[in-house]
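Note sheet for the following structure.
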Amino acid sequence: MSATLATLAVAALPAFVASVVEWVEAFTIVLAVGNTRGWRSPLWGVVGALVTLGVIVLLFGAPLVIYQDQVTQSFHILIGILLLLFGMRWLRKAILRFAGIIAEHDEERIYQREVAVLREQSMTGSQNAWDNIGFWLSYKAVLIEGLEVAFIVIALGATGGSALQAAMAGALAAFVVVVLAGALLHKPLSFVPENFMKFVVGSMLTTFGIFWGAEGLLVEWPGGDAMLPVILLGVVLTSYVGVRMLAALSPRRAPEGVSV
Amino acid sequence: MNAAWEQVYGLLVEDGQIAIGTLAAFAAAAAVSVLGGQLHNDMLRNLAGPLLFVLLMGLLLVNLYAAGRRAYPATPATPSAAGSSVPKK
């Protein structure tokens with residue numbers, strides 16, 4: 001039971017949160033395409049991209065899982081570095097957004113911009129006719145956003161046991177949630193706190209990256225897995241210091257109580 | 001393939017400074033671990049974990065500071081500049 005919970009916490013949860021962020025971004029583009037050029041082709045684009053992503057995950061994820069016992073140390077190092085590269089990137093971007101140095105992702109604005117661009121392009125035939133532009137636009141949007149998810153699913157899933165299935169389930173559950181929410185609301189999901197979620201995922205990936213990367217270097221952490229929340233706390237506290245530091249550098253001083 | 005390349009490019013080139021720093025921090029921790037192994041010193045080897053954490057968090061703060069400095073360049077405290085940024089009492 002505890003192993004199942006640990007797998008859920010380590011693989012499924014971060015994969016779910018990371019996937020929600022990416023699927024929301026992809027959904028905005030698909031919605032814009034569907035509302036301006038009809039739904040048939042963009043929906044096939046989504047299906048095509050999901051199949052491509054599934055093949056990528058199985059192609060690269062399955063061998064990693066199958067052969068991990070034979071290359072345990074170098075495998076931990078590889079996964080640790082991969083998680084750190086993604087985690088540090090997400091963490092940095094999220095902190096810079098909290099501090100207002102780079103703009104927050106605004107799904108409503110992106111949607112309006114995409115709709116305006118698509119309306120300028122002429123469309124032949126009815127809304128039910130096959131539309132190459134609609135297909136490829138939504139295929140590309142889902143594939144690009146999903147690739148980051150695929151990398152994260154592979155990295156989280158490669159930690160052994162049923163982690164790959166858990167990570168894939170997390171990503172698929174996120175897809176279902178976003179599609180259901182989108183179908184119900186039929187508008188960009190701009191209420192989703194994307195930056196906060198990116199910060200959460202960045203913190204978790206960085207934590208796992210430090211933990212597993214060090215294990216790859218044959219480090220024995222005091223307390224074993226119990227060190228994970230300690231490292232996570234350290235990452236969150238450092239991020240808070242980063243936000244405060246940036247607020248102090250800002251000429252227009254951020255208000256008190258900036259939250260991370 | 002283009003989409004995959006964009007991801008790798010973004011990871012290693014767009015955020016190159018933090019990617020290179022991450023790899024360097026990992027290499028430093030690996031060096032400490034190897035040294036600890038060669039000296040048969042488990043304590044030294046196990047220090048590689050906390051060292052990796054400290055180096056990465058330091059890297060993050062330095063990178064954020066640099067980004068903050070680029071976004072808000074320090075201006076000399078001339079009366080006109082000070083007047084534009086400091087609220088009047």
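Below, read A as the first sequence line, B as the second, and so on, with proteins coming before strands; counting in each chain starts at 1. Predicted, not measured: the structure shown is a model, and the values here were computed from it.
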Can you tell me how far CG of B/N63 sits from CZ of A/R89, rounded to the nearest 0.5 angstrom? 13.0 Å
If I take atom CZ from residue B/F53 and atom CD1 from residue A/I210, how far apart are they, to the nearest 0.5 angstrom? 6.0 Å
Need one label for A/T207: side chain, backbone, both or neither, based on atoms under 4.5 Å from any heavy atom in chain B. neither
So, for A/I101 and B/A71, which heavy atoms are closest and what is the spacing to 0.1 Å? CG2-CB, 3.8 Å
Side-chain touch B/L60/A/V235, heavy atoms, less than 4.5 angstrom: no
Let me confirm one number: the CD-CE distance from A/E220 to B/M43, rounded to the nearest 0.5 Å. 14.0 Å
Locate the shortest heavy-atom distance separating A/A214 from B/G49; write the atom from each residue and the value. CB-CA, 3.8 Å
Here the gap from B/L56 atom CG to A/M88 atom CE, rounded to the nearest 0.5 Å, amounts to 4.5 Å
B/A67 to A/L96 - nearest heavy-atom pair and separation: CB-CD2, 3.7 Å
Select, from B/A30, B/G58, B/A25, the one with the greatest count of heavy-atom pairs under 4.5 Å involving chain A. B/A30
Would you say A/T238's side chain and B/M57's backbone share a donor-acceptor pair under 3.5 angstrom? no
Contact between B/R45 and A/L217 at the side-chain level, heavy atoms closer than 4.5 Å - yes or no? no
Verify side-chain contact (heavy atoms from CB on, under 4.5 Å) between A/L246 and B/Y65, making sure each step is shown before the conclusion. CA-CA 7 Å; A/L246 291 174; B/Y65 182 80; over 6 Å; no
Non-hydrogen atoms of B/F26 and A/I77 that approach each other most closely: CE2-CG2, 3.6 Å
Determine whether B/T22 and A/I81 satisfy the following criterion, side-chain contact (heavy atoms from CB on, under 4.5 Å), listing intermediate values before the conclusion. CA-CA 8 Å; B/T22 301; A/I81 290 175; 5.8 Å; no
Any B/N46 side-chain heavy atom under 4.5 Å of A/W221 side chain: no
